[in-house]
Amino acid sequence: MSSPFATNMRFKFPALAISLQIILIILFGIFVRYDTNHEHGHENITAEDDTFITLYPLFQDVHVMIFVGFGFLMTFLKRYGFSSIGINMLIAAFGLQWGTLMQGFWHLHNGKINIDILKMINADFSTATVLISFGAVLGKTSPIQMLIMTIIEIAVFACNEHLLSFLEVSDIGASMAIHAFGAYFGLAVARVLYRPALTNGHENEGSVYHSDLFAMIGTLFLWMFWPSFNSAIAEPGEHQERAIVNTYFSLAASVLTAYAFSSLFEHKGKLDMVHIQNATLAGGVAVGTCADMNINPFGAMIIGFTAGIISTIGFKFLTPILASKLKIQDTCGVHNLHGLPGVLGGLAGIIAAVMGAKENVSAAMQSAGLASSIGIAVSGGLITGFILKLPFWGQPPDQNCYDDSIYWEKPAWYVSRIPTLFTKSWISRYNTFY
Amino acid sequence: MSSPFATNMRFKFPALAISLQIILIILFGIFVRYDTNHEHGHENITAEDDTFITLYPLFQDVHVMIFVGFGFLMTFLKRYGFSSIGINMLIAAFGLQWGTLMQGFWHLHNGKINIDILKMINADFSTATVLISFGAVLGKTSPIQMLIMTIIEIAVFACNEHLLSFLEVSDIGASMAIHAFGAYFGLAVARVLYRPALTNGHENEGSVYHSDLFAMIGTLFLWMFWPSFNSAIAEPGEHQERAIVNTYFSLAASVLTAYAFSSLFEHKGKLDMVHIQNATLAGGVAVGTCADMNINPFGAMIIGFTAGIISTIGFKFLTPILASKLKIQDTCGVHNLHGLPGVLGGLAGIIAAVMGAKENVSAAMQSAGLASSIGIAVSGGLITGFILKLPFWGQPPDQNCYDDSIYWEKPAWYVSRIPTLFTKSWISRYNTFY
Amino acid sequence: MSSPFATNMRFKFPALAISLQIILIILFGIFVRYDTNHEHGHENITAEDDTFITLYPLFQDVHVMIFVGFGFLMTFLKRYGFSSIGINMLIAAFGLQWGTLMQGFWHLHNGKINIDILKMINADFSTATVLISFGAVLGKTSPIQMLIMTIIEIAVFACNEHLLSFLEVSDIGASMAIHAFGAYFGLAVARVLYRPALTNGHENEGSVYHSDLFAMIGTLFLWMFWPSFNSAIAEPGEHQERAIVNTYFSLAASVLTAYAFSSLFEHKGKLDMVHIQNATLAGGVAVGTCADMNINPFGAMIIGFTAGIISTIGFKFLTPILASKLKIQDTCGVHNLHGLPGVLGGLAGIIAAVMGAKENVSAAMQSAGLASSIGIAVSGGLITGFILKLPFWGQPPDQNCYDDSIYWEKPAWYVSRIPTLFTKSWISRYNTFY
């Protein structure tokens, strides 16, 4: 049990978490106010006033995607459910406060950040990038490391987002700004944190029957609410409606191809839960950039069709190559769900710009946006990786990767009442069953 | 292992799924457009423009019912959770595209189908019929068979729906058009696919503790969002509000009687999870036809009260008779949740018409609507059943019914590390535990 | 097996449930009508008419909190998931009908209760008090007892709520009227129902791995939708938006402190699932009273920061003391999630009143509201406790506490096919595993 790492988080983690929250409160006290641009009271509600309550259901859909969607999607690991859902919640709750500041600093009004529903939606969006990156390093990092990654990644994300906005890049569903960015940031971190001992897999790195069903809760809430993700900040009216319609049909198309290619690749044509949980969502990622453009429903379906195929191929063939050749151990396969489909989304946006699917969109600027998102993500991720590699953040030793017991009080597979019939060694085997 | 059926789906299933998706894209390219009846841009939003975003939350509630509600409700089987939730998703994703076309062809504008939020809600509705029928044959069919059933059933459903509309039948929550239709269609299919070997039950046909809890996720999301289902396409204002209020109270009443009769029928007055998962929803089904009528909240509660009783009685006494006498093996008991309460809903609509609870509703036409729904469903189901009985659709042999392992890669009860202490035969018994 | 209690619910429970439902239908027939204050039809929808459909998504969020949030939060017990989610549903379905009447009787219009969306939200709210109290006695009571508690508690709650309204107490998110009230009512009941035999714990009183994951479904849906809970009945416009913003940030802050203090208190700085499932929600409870006041986002975050700390401290140190010294066995720790944060919310409201954070709010009246809520809750709870202590309500004997098998048909841990390798006594130990 002599570990090269000290995984005891006592004092370190509480001190960091409380300090961050106090700093946030102070910064909020200085900078953050309610948005009071509207008339007061009930009688004088104007069309503009209505925006808050009209978009609130879309905000809540995005909120569910962040906390339940991403959280449960990562519970597929048999022994890492507490961490998946718990650290997801920690990152998101910290990140939405931090994101409010990092994004708000680019748009101060009289030195203040005025909170409205769009700011809240964007704050949730900013956490999505970190949660995507979290998927790449899932099981191999500590909560402390994840808080540090959140601080850096959201700051970098807000800069890239501002750059894209400056370049007038159209990316309403953030295929580039969130999905590709989050994926390549996370992959760069994972590259730096490469663990040779995990090259041949780890006994905890797999699912059990019910953990796969928990993961489907995440998949389905992401899938259902993706039209809200891609349309929440779109221009009301025609553009927003298009974003909803396009995402609805793109997602449906990617389900069919994800199932088809899963069956095509597997033994006896069986389906693989990994593909169903992930590649069915690729249509939502890939249609993001074009979502509010005039690509017509069949255009959206072509994007989804392609995304489902690319994503499944990625899981089947690319992930093993990334791990063996590039030394990138991508736990959740975020490259296949967010990376490749995000790039596809960026490319689709360039094509759509060429075809004039949205006014005032330039193929050159779209290309610059894609390059910027990937370039800044990789750079930021590498730097973050080297910071996270410092040996005092409580990261788990190799043998305790993908294991809740290192950061959580007695998860229940350490059964308290051991049947005397069995030896200890059997118990540990037993625990891998469920 | 010599099986009369070839369950290998490789090539067959991918070829079918990809072909269907390509056909859908071509047909969408020809026929489907955005709805552009409204003024463009932000400033000119009129009341009519608002319909899309106003109804969008109700659409999302229905969407959750289709994917999470129906999907998780069927995960009660101990070894069939992957298929329940996975094939549910496949049917729904394919069905909503197909339903858009099948329903849209009856309402072309200048040869085009213009997608608005009502079209999307109706597309989701059309998949509900197939998911109900899926419940009747759950565990005994292949994904290929389910795609074929989806093609036929949605086409037939759209015809019956158009007929009801032509007859000016009032069925806002679709007790007849969706619930009774889906149930009797599915029962007819199940009759044709009767398997004598399953007469005395099957070792996989049961739940385990956590599978029953997963099923409750489905039950609760269906229960909570049913007011949206029954009101989503109602006339805005008074009618829509009534539909919400009536469904809210009808559902509450059916919970009380479902619990009461479950306890009344069981050993020592205990409750039965099957009744709680299903009969509590009967109030939503049965109030569907009358939902937007002026039946007053207590009228809705009387309908729910009755539905909860009828449904529980159906599960306790009718399902065994259907199986033994009529050779209809109804896996999920859809007859009790959708069939009987759907008919009750149709009858309630006839009574309400007689009592003048809604303007321009005729008892005769309501009766014709109920008869049409059941008649067309049974006919369509029988034909579909004979098509599905053809021996090359990859259906499971009797011994592999209700078992994910035939269509899914290594579900986790086939444990990779077998404790050497145990023999193989024990493992298979072990697997029934969780 | 000679039990001092008769747990057989047959006849008793069905008779009670059906009688209650019939009484409800009769009272609804006499008193309850649709709200018809608005113009009829589609064309004439006015701003006021829109309230129903505008608030409907917030109603549905609250609905999800009641049925999925509270229901799944209590599934953490390893053998009591059916009862947690099932009795939760029963209480809520009965309670929302009963609450409609109890609250409506205080606001009759021409002798009638006119149902609108606010009445439905308030009906759901009234059930929340009972579900909170249910948490205090979870595992130690019968469904019959819970129906009786629902009858009394909602009646008393409606009186206290009317008193607060009369005193012009501002309590938009109901920190006092629902959370403190429900907690202290439940604790008083638990005190009267004290079971000495459970002093040293019970073998069923614990979680297993997957039951903790089910509980997180409840936690997350409560957490995400709490802004809707605190804003649903707020004045539209500025006040409602503030309530959403304040709750959003208060909750985020309480997550950070709940995680920090959980790690601080536990062995080696590990996190405890009990704290994560509960104390992360304390920010939503505590900001309730002030939610629509002008406290600024950083003020809300200070409240959430404090609530997360207090709640975690409560779980760690206060719950054991309550059990050992005051003989209050609080199964779910509702004192820490609803009691202490509710009182904190009331105190925050008094301070906010002093600071003038909302027009026409008096610190004296706020104090009276807090005192009234706690005083009436304790009194009502004690009386209810003595009624529930009568020996013929089917309560479980000590050895069957926290055990579904006493009220549910064959939960699946009573495995039907017992491996012949094992003795019966081992099976019972085995069943504690999962």
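A, B, ... follow the sequence lines: proteins, then strands. Residue 1 opens every chain. Computed from heavy atoms alone, side chains included, the values below leave out hydrogens, waters and symmetry copies.
Counting heavy-atom pairs closer than 4.5 Å to chain B, the top residue among A:Q60, A:Q240, A:M273 is A:M273. When the candidates B:P57, B:A15, B:G81 are compared by the number of heavy-atom contacts under 4.5 Å with chain A, B:G81 comes out ahead. Among the candidates A:L213, A:V255, A:L55, the residue making the largest number of heavy-atom pairs closer than 4.5 Å to chain B is A:L213. The candidate with the highest count of non-hydrogen atom pairs below 4.5 Å against chain B, out of A:P227, A:G206, A:G304, is A:P227. Annotation: maximal heavy-atom pairing with chain A below 4.5 Å, among B:Y34, B:F13, B:F28, occurs at B:Y34. Chain A forms the most heavy-atom pairs under 4.5 Å with one residue out of B:I25, B:T54, B:T100, and that residue is B:I25. The most heavy-atom pairs under 4.5 Å with chain B, out of A:T257, A:L271, A:L256, A:I302, come from A:L271. Counting heavy-atom pairs under 4.5 Å between each of A:V274, A:L264, A:T219 and chain B puts A:L264 at the top. Note on A:F225, A:W223, A:F261, A:F305: by heavy-atom pairs under 4.5 Å with chain B, the leading option is A:W223. The choice from B:Y56, B:F59, B:F11 that makes the most heavy-atom pairs within less than 4.5 Å of chain A is B:Y56. In terms of heavy-atom pairs under 4.5 Å with chain A, the best-connected choice from B:I18, B:L96, B:V32 is B:L96.
With a 4.5 angstrom heavy-atom cutoff, B:F214 touches chain A only via side-chain atoms. Only the side chain of A:T280 has a heavy atom closer than 4.5 Å to any heavy atom of chain B. Only the side chain of A:D61 comes within less than 4.5 Å of a heavy atom in chain B; its backbone stays farther off. Within the 4.5 angstrom heavy-atom criterion, only side-chain atoms of A:L58, from C-beta onward, approach chain B. The contact between B:F221 and chain A is made entirely by side chain atoms (from C-beta outward), counting heavy-atom distances below 4.5 Å. Neither the backbone nor the side chain of B:I30 comes within less than 4.5 Å of any heavy atom of chain A. In this structure, no portion of A:Q277 lies under 4.5 Å from any heavy atom of chain B.
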A:F265 and A:F315: CA distance, side-chain angles, deciding distance, ring pair (Phe, Tyr, Trp, His ring centres under 6.0 Å) verdict: CA-CA 11 Å; A:F265 290 154; A:F315 275 102; over 10 Å; no
Output side-chain donor-acceptor pairs under 3.5 Å for residues 62-74 of chain B, partner residues at least two apart or in another chain, one line each.
residue: B:H63; atom: ND1; partner: B:D124; partner atom: OD2; Å: 2.6

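Between the side chain of A:S250 and the backbone N or O of A:G283 there is at least one donor-acceptor pair closer than 3.5 Å. Side chain of A:Y248 to main chain of B:M120: a donor-acceptor pair is present (N/O by atom type, distance under 3.5 Å, no hydrogens or angles). Remark: side-chain polar atoms of B:S211 are paired, donor with acceptor, to backbone N or O of B:F76 under 3.5 angstrom.
Between A:D292 and A:R242, no side-chain nitrogen of the basic residue sits less than 4.0 Å from a carboxylate oxygen of the acidic one, so the salt-bridge criterion is not met. Between B:D404 and B:R79 there is no salt bridge, since none of the side-chain N atoms of the basic residue sits less than 4.0 Å from a carboxylate O of the acidic one.
Aromatic ring orientation, B:F229 versus B:F125: tilted (interplanar angle from 30° to 60°).
A 4.5 Å side-chain heavy-atom check between A:I313 and A:K316 finds every atom pair outside the cut-off.
A donor atom on one side chain and an acceptor atom on the other are not found under 3.5 Å apart for B:W98 and B:T150. Between the side chains of A:S170 and A:K358, at least one donor N or O lies within less than 3.5 Å of an accepting N or O.
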